[in-house]
Structure formats: C-alpha cells, structure tokens
Amino acid sequence: MKIEKINDNQIRCTLTREDLSSRDLKLSELAYGTDKAKSLFRDMMQQAAYECGFEANDIPLMIEAIPIAADSIILIITKVEDPEELDTRFAKFAPSQPGEELPGSSAAPPKPEGADDILGLFNKIREAKKSAALAKSTKTESQPEEEEEADISADEASFNLTKLYAFPDLDCVIRASHVLGPVYHGMNSLYKNPATREYHLIISKSDHTPEEFNKVCNILSEYGSSIKYTPATQAFYREHMECLVEYAALQKLSDV
C-alpha cells in the first residue's frame, strides 16, 4: 500500500493486487463498506498519519476511486474542513430538509453515461491486463494466448460495475422490468425519493458480461435517466430513502 501526500488536505493511496489479497479482499468489496474494507481504510489512515502527518480526526473526508487495472485502484482522499464547502460541493451526501431535493433528482440531471462509458471502462481494464501480461512475458515464458484471454475474461467477469437510474414514476420502472426481467438476473434495488417522488434503481453488472450489461443500461436509458453513482450512494439511500424492493427489483416487478 503506497501513500503519497499531495498537499496538507489531500493524499493519494495506491492499492495493488497484493494489498487486497493479503486481506482476502476483492476490489468490488470496497464499494460496499464490508468489515474487511473498513479495516483496510483504518489501516490506510493510520499509515497516512504516520508517514504523511495526515490527521483526519473528525473532519469529513471525500474519497474518489480511480481503477487503474482489473485488480488495482487509486484512492484520492480529501479533507473538507469548511462545512459550507461540504454542503455545496458534496450536497448529495447531506440529509435533505423539507422541500429540498435529494441527490439524483431530475431538477438538474447530469450528462447521461452511455454505452461507450461502460464498455470503455472494461476496455481500459482489458488493455491494462494485456500490458501487464506483455511486460511479464519479457521476463518469463509467456503463457498460451488462449490462456491469457481466459484470464482476462475471468477478471472482467469478477469486476462488478454499478449504475444508477432515476424514473419519474413507478409505471416506467415496471415497463422496463417487463423487458429486462426475463433476461437480467443481477442484483438491483429500487428506492423512492420522498422529496421528489422519483424512483431510483441501483443496478449491478453481477455475473453478466460487459456487453450484456451494456444492453441492459441502454434499455434502462429509454425509460429513465442515468445518474452518477459513487460508493457512498447505496448507504445514503438506505438511510434517507424508502427501499421498495431490494436485491431483485426488476425480476419481481416483471411479474406485476
């Protein structure tokens, strides 16, 4: 685990395959706040305090995750010392007040993320894997091409991507479920925004291929709008929104 100080309020932490495997931790688990992920974060902050003098104490932290390979990631951790700055820059993580909109409302929809964004991410992972395999082959005997492709496919299958979609009403979700319910079998949960009365669907690639998940997202875009998803979104929704159907929303609604 490599930690670098960017400035007094920001550090960069690089987690490699070895860092994750030593803790029996998968890259996808970092997004769900498991006990192992929390333990890793505590160790990270202790190391940052010792090596860089980066003391967070009770100061709010903003974490940005940047995948650099199928099994490596960079975390940018920033201290937000000004509460007003936290309110304006990271309002999506703050509880809403009566009359205020929760994150992801349709008042100011962000630019939709299309198919190129989804497949592009997996292409970058694939290229990173190929580059690593090519570099390794210069030192050791290279493995057969078909075995290399199998390893890459296995990494892609294990990398879980999560997307978030907003729908103006439940009918839109049900219509989408009638199309996707029979063919999509991944994990997805439906929430209702009490402030805007919109319906938000958090959907994961699970064990679908990138191409299959790309098609699923294209179909969902016809019924709703894509919203930026962060690792903190699910926890925020569970606390501040009403969970209507958990884990298998599209599958269950397809029977309606």
Side-chain angles (χ1 to χ4, degrees), residues 15 20 23 25-42 44 60-67 73-78 80 86-87 89-96 100-106 109-110 112-113 117-118 121-122 158-167 170 172-173 176-177 180 184-208 210 213 216-217 220-221 223-253:
L15 298 176
L20 298 175
R23 294 170 171 80
L25 186 65
K26 295 181 180 179
L27 189 62
S28 58
E29 292 183 82
L30 295 178
Y32 296 100
T34 63
D35 290 338
K36 289 185 289 186
K38 293 177 182 177
S39 177
L40 171 62
F41 184 75
R42 285 194 294 269
M44 188 190 312
L61 296 176
M62 186 271 204
I63 304 175
E64 299 173 87
I66 307 171
I73 193 169
I74 291 177
L75 300 178
I76 306 296
I77 303 175
T78 306
V80 185
L86 182 65
D87 289 339
R89 292 178 59 193
F90 311 115
K92 66 167 60 181
F93 301 114
S96 63
E100 292 183 347
E101 295 179 343
L102 286 177
S105 68
S106 59
E113 298 178 12
D117 297 306
I118 298 172
L121 174 59
F122 284 98
S158 64
F159 187 85
N160 196 15
L161 178 65
T162 301
K163 300 282 288 182
L164 173 61
Y165 289 87
F167 302 86
L170 186 58
C172 290
V173 186
S177 71
L180 294 173
Y184 172 75
H185 50 264
M187 184 177 295
N188 63 108
S189 299
L190 183 66
Y191 294 84
K192 183 177 181 181
N193 186 325
T196 65
R197 298 187 177 182
E198 288 183 329
Y199 293 82
H200 291 195
L201 180 73
I202 297 178
I203 182 168
S204 299
K205 182 182 78 69
S206 298
D207 59 353
H208 284 277
F213 190 61
V216 169
C217 292
L220 287 174
S221 296
Y223 297 90
S225 56
S226 174
I227 300 175
K228 183 178 180 180
Y229 178 88
T230 71
T233 301
Q234 183 108 37
F236 180 90
Y237 277 28
R238 285 174 177 168
E239 183 176 354
H240 298 288
M241 289 194 184
E242 178 185 358
C243 182
L244 301 180
V245 187
E246 195 166 21
Y247 305 130
L250 291 175
Q251 294 90 326
K252 292 180 180 179
L253 289 174

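The figures that follow rest on heavy atoms only: side chains count, while hydrogens, waters and symmetry mates do not.
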Minimal non-hydrogen separation, [X] against [Y], with atom names:
X      : Y      : result
Gly186 : Ser206 : CA-OG, 3.4 Å
Lys36  : Arg23  : CD-O, 3.5 Å
Ile203 : Phe213 : O-CZ, 3.9 Å
Leu164 : Tyr237 : CD2-OH, 3.5 Å

(request) Identify, with sequence neighbours excluded, every residue that meets side-chain hydrogen bond (donor to acceptor under 3.5 Å, both in side chains) alongside Tyr184. (result)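 Not a single residue meets the side-chain hydrogen bond (donor to acceptor under 3.5 Å, both in side chains) criterion with Tyr184.
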
(request) Go through the structure and list residues passing salt bridge (Lys or Arg N to Asp or Glu O under 4.0 Å) with Glu246, not counting sequence neighbours. (result) Arg238

(request) Starting from the C-alpha separation in whole Å, work towards a yes-or-no answer on side chain to side chain contact (heavy atoms under 4.5 Å, CB included) for Asn188 and Val245. (result) CA-CA 9 Å; Asn188 63 108; Val245 187; over 6 Å; no

(message) I'd like to check Ile227 versus Thr233 (side-chain heavy atoms, cut-off strictly below 4.5 Å). Are they in contact?
(response)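 Ile227 does not reach Thr233 side chain to side chain.
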
(message) Using side-chain heavy atoms (C-beta onward) and a distance below 4.5 Å, is Lys163 in contact with Ser226?
(response)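 Answer yes - side chains close enough.
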
(message) So does Tyr247 get a backbone contact from the side chain of Ser189, meaning a donor-acceptor N/O pair under 3.5 Å?
(response) yes

(message) Using modelled atom types and a 3.5 Å cut-off, is there a donor and acceptor pairing between side-chain atoms of His208 and backbone atoms of His185?
(response)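 Indeed, once roles are kept as given, a pair shorter than 3.5 Å links the two residues.
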
(request) List the steps, then state whether side chain to side chain contact (heavy atoms under 4.5 Å, CB included) holds for His240 with Tyr191. (result) CA-CA 10 Å; His240 298 288; Tyr191 294 84; over 6 Å; no

(message) If you apply the rule side chain to side chain contact (heavy atoms under 4.5 Å, CB included), what do you find for Phe167 with Leu220, and how did you get there?
(response) CA-CA 9 Å; Phe167 302 86; Leu220 287 174; 4.0 Å; yes

(request) Kindly determine whether Leu75 and Met44 satisfy side chain to side chain contact (heavy atoms under 4.5 Å, CB included), including the steps that lead there. (result) CA-CA 10 Å; Leu75 300 178; Met44 188 190 312; 3.6 Å; yes

